Amino acid sequence: MTGFLVAAPILGLYQWSHKMELPVIPYVEQQDDAQATPIWPVAQADYDDWLAAHPGADADWLGRIEFKPEAGKFALLPGADGELAGVILGLGETPDMWAYGGLSTALPTGRYRIDGSLDGAAATGAGIAWALGSYRFGRYRDAGEARASLCLPDGADGAAVGRVVKGTFLARDLINTPASDLGPEELAEAALALAGEAGGQGEVIVGDDLLARNYPAIHAVGRASDRAPRLVDFSWGEADAPKLTLVGKGVCFDSGGLDLKPASGMLKMKKDMGGAAAVLGLASMVMAAALPVRLRVLIPAVENAVSGTAYRPGDILDTRKGLTVEVGNTDAEGRIVLCDALAEAAGESPALIVDLATLTGAARVALGPDLPAYFTDGDSLSHALLRCARAEADPLWRLPLYDPYAERLKSKVADLNNVSDGPFAGAVTAALFLKAFVPEPENWLHIDTYGWNDKDRPGRPAGGEALAIRALYAMIAERFNP
């Protein structure tokens, strides 16, 4: 077999089987091979020219099957001896990396190479898409495996492919694991294992120690579960390097608390730690590239459960920053656990704070499942992120931190309510709630992500997904390692 999954399950966690500096790329080989079966990528505008350059049997065959070079469509070209002579791959009108995303599982078993001129970015993107399409979550059943391997195209950055694939696979594995096997303790252990592999150091603050260490909001949300809440805190990199702090929402299962979700609303709630999973994937990429930053990762890991100790609507919660919060709805728990972590992050005045969270349904109503919303008061930061998102085919969309809507979070008995007083602009008011805990919002990015693929698409199988981390990594690398 030419490729394999980059992680193997052990004790309910994921123990990485290779060194960070030498990433294994599933179903992508570092060396070229002239004997591998050629793949000819062809854009729609270039198809007639390609046919003219391949007269005879190939052109006749493609005419008979009425092949159209639409994005991701391919045709097998038979040789005179009955063997596979090559593959023509449609790139569509505007070529993008995902045209390659379905090939590792769709093509016959074998080794393939791209026969065509690709610039470095396109070659790297092809390798990433091919490898991401090979992902299978096989912890609980035989999920099958990819059959086709790709020789990394000339000009591709193999290290970049490896970083992206490792980080994405880690996030997907964590999100796809059900809460029965991935609670706050297991999420914390996975985070510390990742940090330890890269030479980082950290701690986990558990249970009532959260109160002793002044993280009361995290404790309040997680105390109802028999699995104690905790805060994961790890650091990596030189102490005098610019500080980059990543914060991830780690709600390992969200029942809604006493404001209980309906049954249909709980079906995907194992993914409510998708922000934490994405943060770990992004941290993996930063550490693998040895970016010159002092990385800090903060993950409040809780389960929002129902019991006699559950926090209640109408309760007034203390927070690390000193602001008091009236609980308007216990199902808006993500912003409550994040506020303590953001207050801690801000205490060091890092150069950049990024939080990722599966925070609001309102963001999905506005932008759908594939387009994470982001918020920041930093216009230059926003422009850089959007530019990187386009370059990495990892889209995001800016929503406003519209300060007049902060009025909707007022409480008559506390500094803030955790929900607004009406049904409108839910993603905006959630972001404004978080902004109250960040004193320098121009150096802060809040990503409201879905963390999930609802259906299979090339390179993006249904299930957990690390949305936005490729764009974020590119922006961070550009900002701190120009």
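Since we're looking at a predicted model, the values are computed, not measured.
- A salt bridge does not link Glu185 with Arg227: none of the charged nitrogens is closer than 4.0 Å to a carboxylate oxygen.
- Other residues, nucleotides and ligands contribute more than 12 heavy atoms inside 6.0 Å of the CD atom of Glu442.
- Of all heavy-atom pairs between Val164 and Met285, the closest is CG2-CE, 3.8 Å.
- Between His446 and Leu359, some side-chain heavy-atom pair lies under the 4.5 Å cut-off.
- At a threshold of 4.5 Å between non-hydrogen side-chain atoms, the residues Leu194 and Ser284 count as touching.
- Leu371 pairs by the side chain to side chain contact (heavy atoms under 4.5 Å, CB included) definition with Leu367, Pro395, Trp397, not counting sequence neighbours.
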#### Entry: Audit row: Asp272, Thr358, side-chain hydrogen bond (donor to acceptor under 3.5 Å, both in side chains) steps and yes/no
CA-CA 6 Å; Asp272 212 22; Thr358 52; 2.6 Å; yes
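- Ion pairing of Arg335 with Asp355 is absent here, as no side-chain N (NZ or NE/NH1/NH2) approaches a carboxylate O to less than 4.0 Å.
- Among all heavy-atom pairs drawn from Leu192 and Glu203, the shortest one is CD2-N, 4.3 Å.
- Residues that satisfy the ring pair (Phe, Tyr, Trp, His ring centres under 6.0 Å) test with Phe234, not counting sequence neighbours, are absent from this structure.
- Ser382 places no side-chain N or O within donor-acceptor distance of the main-chain N or O of Gly378, the cut-off being under 3.5 Å.
- A donor-acceptor pair is defined here as one N or O able to donate and one able to accept, closer than 3.5 Å; no such pair exists between the side chain of Arg113 and the backbone of Pro153.
- Within the cation-pi definition used here (under 6.0 Å to the ring centroid, within 45° of the axis), Arg172 does not qualify as a partner of Phe137.
- Judged by distance alone, with hydrogens and angles left aside, the side-chain atoms of Trp236 form a donor-acceptor pair with the main-chain N or O of Ala198 at under 3.5 Å.
- Within 6.0 Å of NZ in Lys268 there are more than 12 heavy atoms belonging to other residues, nucleotides or ligands.
- The side chain to side chain donor-acceptor pair (under 3.5 Å) search around Asp58 returns none, not counting sequence neighbours.
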Atom pairs and distances, side-chain donor-acceptor, residues 35-57, under 3.5 Å, sequence neighbours left out:
residue: Trp40; atom: NE1; partner: Asp115; partner atom: OD2; Å: 3.2
residue: His54; atom: ND1; partner: Trp50; partner atom: O; Å: 2.9

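- Minimum heavy-atom separation, Leu84 to Val87: CD2-CG2, 4.4 Å.
- Asn443 places none of its side-chain heavy atoms less than 4.5 Å from the side chain of Leu381.
- Salt-bridge check for Lys249 with Glu333: passed, with a basic side-chain N closer than 4.0 Å to an acidic carboxylate O.
- Residues Leu467 and Pro369 approach most closely at CD1-O, 3.6 Å, considering heavy atoms.
- Neither side chain, Asn176 nor Tyr140, offers a donor N or O lying under 3.5 Å from an acceptor on the other.
- A pairwise comparison of heavy atoms in Gly133 and Thr105 identifies O-CG2, 3.7 Å as the closest pair.
- Checked against side chain to side chain contact (heavy atoms under 4.5 Å, CB included), Pro242 has the following partners two or more places apart in sequence or in another chain: Phe480.
- The shortest side-chain heavy-atom distance between Thr168 and Leu170 does not fall under the 4.5 Å cut-off.
- Summarising the geometry, atom CG belonging to Leu472 is positioned 10.5 Å from atom CD belonging to Glu392; distances are rounded to the nearest 0.5 Å.
- Considering only residues two or more places apart in sequence or on other chains, Tyr374 meets the ring pair (Phe, Tyr, Trp, His ring centres under 6.0 Å) condition with none of them.
- Every residue two or more places apart in sequence or in another chain that forms a side chain to side chain contact (heavy atoms under 4.5 Å, CB included) with Asn481 is listed here: Leu291, Pro292.
- Tyr450 and Asp370 are not linked by any side-chain donor-acceptor pair at a separation below 3.5 angstrom, with hydrogens and angles left out of the test.
- Although no hydrogens or angles enter the test, the distance criterion places a donor-acceptor pair under 3.5 Å between the side chain of Arg398 and the main chain of Thr376.
- Taking Arg364 as the reference, Asp448 meet the side chain to side chain donor-acceptor pair (under 3.5 Å) condition, with sequence neighbours excluded.
- Asp456 places a side-chain N or O within donor-acceptor distance of the main-chain N or O of Ala462, the cut-off being under 3.5 Å.
- Looking only at side-chain heavy atoms (C-beta outward), Leu174 and Leu280 come within less than 4.5 Å of each other.
- A 4.5 Å side-chain heavy-atom check between Leu396 and Thr449 finds every atom pair outside the cut-off.
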#### Entry: Audit row: Asp173, Arg139, salt bridge (charged side-chain N to carboxylate O under 4.0 Å, His left out) steps and yes/no
CA-CA 9 Å; Asp173 279 344; Arg139 179 168 179 177; over 6 Å; no
### Task
Mind running salt bridge (charged side-chain N to carboxylate O under 4.0 Å, His left out) on Glu465 and Arg460 for me, showing each step along the way?
CA-CA 8 Å; Glu465 188 57 282; Arg460 295 152 292 180; over 6 Å; no
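- Without hydrogens or angle criteria, Asn453 side chain to Lys455 main chain gives no donor-acceptor distance under 3.5 Å.
- With sequence neighbours excluded, the residues that form a side chain to side chain contact (heavy atoms under 4.5 Å, CB included) with Ile65 are Trp61, Leu62, Phe67, Ala75.
- The backbone N or O of Val161 sits nowhere less than 3.5 Å from a side-chain atom of Arg163 that would complete a donor-acceptor pair.
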Ignoring hydrogens and angles, write down the donor-acceptor pairs under 3.5 Å from the side chains of residues 344-352, residues two or more places apart or on other chains.
residue: Glu344; atom: OE1; partner: Tyr215; partner atom: OH; Å: 3.4
residue: Glu344; atom: OE1; partner: Arg320; partner atom: NE; Å: 3.0
residue: Glu344; atom: OE1; partner: Arg320; partner atom: NH2; Å: 2.9
residue: Glu344; atom: OE2; partner: Arg296; partner atom: NH1; Å: 3.2
residue: Glu344; atom: OE2; partner: Arg296; partner atom: NH2; Å: 2.7
residue: Glu348; atom: OE1; partner: Arg296; partner atom: NH1; Å: 3.4

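- The heavy-atom pair separating Lys271 from Ile175 by the smallest distance is CB-CG2, 3.6 Å.
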### Task
Please lay out, stage by stage, how Leu231 and Val204 fare under the test side chain to side chain contact (heavy atoms under 4.5 Å, CB included).
CA-CA 6 Å; Leu231 176 66; Val204 183; over 6 Å; no
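- A salt bridge links Glu197 with Lys166: at least one charged nitrogen is closer than 4.0 Å to a carboxylate oxygen.
- Put simply, the side chain of Asp377 never gets that close to the backbone of Pro441: no donor and acceptor are under 3.5 Å apart.
- Using modelled atom types, one finds no donor on one side chain facing an acceptor on the other under 3.5 Å when comparing Asp394 with Tyr473.
- A 4.5 Å side-chain heavy-atom check between Ser255 and Lys261 finds every atom pair outside the cut-off.
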Identify each donor-acceptor pair in which a side-chain atom of residues 122-131 lies under 3.5 Å from a protein atom, sequence neighbours left out, and give them as a table.
residue: Thr124; atom: OG1; partner: Gly120; partner atom: O; Å: 2.9
residue: Thr124; atom: OG1; partner: Asp157; partner atom: N; Å: 2.9
residue: Trp130; atom: NE1; partner: Tyr27; partner atom: O; Å: 3.1
residue: Trp130; atom: NE1; partner: Ala148; partner atom: O; Å: 3.3

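- Under the 4.5 Å side-chain criterion, counting only non-hydrogen atoms from C-beta, Tyr100 is not in contact with Leu150.
- Partners of Arg390 according to the salt bridge (Lys or Arg N to Asp or Glu O under 4.0 Å) rule, which considers only residues two or more places apart in sequence or in another chain, do not exist here.
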### Trace of the salt bridge (charged side-chain N to carboxylate O under 4.0 Å, His left out) decision for Arg294 with Asp240
CA-CA 7 Å; Arg294 177 62 171 177; Asp240 59 352; over 6 Å; no
